[in-house]
Amino acid sequence: MVQAYILIQTEVGKAAAVAREIAGIPGVTQAEDVTGPYDVIVRAEANNVDELGKLVVAQIQAVEGITRTLTCPIVHI
């Protein structure tokens, strides 16, 4: 299982709507609108890195209002 935080920038005024829509995507375990340089922070999981990439590119980035994403896989050192 691969887990990651996905940091999202949105269009002005779209953070809450983006977080709500992303929260319903399978594989997303948490989606919160926040303040700071990013507007939404998502925690997601997938069986492997390829599936995680597909989740981000095909589903999360397809949500209207998103301008940029940064995926940060979780590592256990």
Side-chain angles (χ1 to χ4, degrees):
M1 181 70 60
V2 176
Q3 297 179 325
Y5 287 100
I6 302 149
L7 311 177
I8 299 172
Q9 293 177 334
T10 69
E11 296 172 5
V12 174
K14 301 279 186 163
V18 166
R20 275 193 304 273
E21 186 169 344
I22 290 174
I25 295 173
V28 171
T29 59
Q30 192 171 10
E32 301 285 347
D33 44 322
V34 298
T35 60
Y38 294 94
D39 303 305
V40 177
I41 297 179
V42 173
R43 185 165 176 151
E45 61 185 19
N47 289 325
N48 55 53
V49 173
D50 289 336
E51 285 186 18
L52 179 65
K54 290 176 187 174
L55 171 66
V56 172
V57 173
Q59 296 183 54
I60 292 175
Q61 289 181 349
V63 172
E64 187 175 338
I66 292 176
T67 58
R68 178 173 290 175
T69 65
L70 175 65
T71 303
C72 304
I74 296 171
V75 297
H76 300 282
I77 300 174

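Hydrogens, waters and symmetry mates play no part in the numbers below; they use all other heavy atoms, side chains included. As the structure is a prediction and not an experimental result, all values here were calculated from the model. Along the sequence shown, the residues carry numbers beginning at 1.
Closest non-hydrogen pair, C72 versus L7, comes out as SG-CD1, 4.1 Å. In terms of heavy atoms, Q59 sits closest to I25 at OE1-CG2, 3.1 Å. Of all non-hydrogen atoms in P73 and A4, the two that sit nearest each other are CA-CB, 3.7 Å. When every heavy atom of L55 is checked against every heavy atom of P26, the shortest pair comes out as CD1-O, 3.5 Å.
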Could you pull out every donor-acceptor pair under 3.5 Å between side chains of residues 9-22 and any protein atom, sequence neighbours left out?
residue : atom : partner : partner atom : Å
Q9      : NE2  : P37     : O            : 3.2
T10     : OG1  : D39     : OD2          : 3.4

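When the side chain to side chain contact (heavy atoms under 4.5 Å, CB included) test is applied to T35, no partner is found at least two apart in sequence or on another chain. By the side chain to side chain donor-acceptor pair (under 3.5 Å) test, R43 pairs with Q3, Y5, sequence neighbours left out. Residues passing the side chain to side chain donor-acceptor pair (under 3.5 Å) test with T71: none are found, sequence neighbours excluded. With sequence neighbours left out, V34 forms a side chain to side chain contact (heavy atoms under 4.5 Å, CB included) with E32, I41. Applying the side chain to side chain contact (heavy atoms under 4.5 Å, CB included) criterion to D50, with sequence neighbours excluded, gives N48.
Linking ILVMFWY residues whenever their side-chain heavy atoms come closer than 4.5 Å, directly or via other members, leaves V40 and I74 in distinct clusters. Residue V63 is grouped with residue I60 when hydrophobic side chains (ILVMFWY) are merged at heavy-atom distances under 4.5 angstrom, including chains of intermediate members.
Screening D33, V42, T67 for a side-chain contact (heavy atoms from CB on, under 4.5 Å) involving I8 leaves a single residue, V42.
Its side chain within the 4.5 Å cluster rule, V75 clusters with I77 among the Ile, Leu, Val, Met, Phe, Trp and Tyr residues.
A distance of 7.5 Å separates OG1 in T69 from CD1 in I6, rounded to the nearest 0.5 Å.
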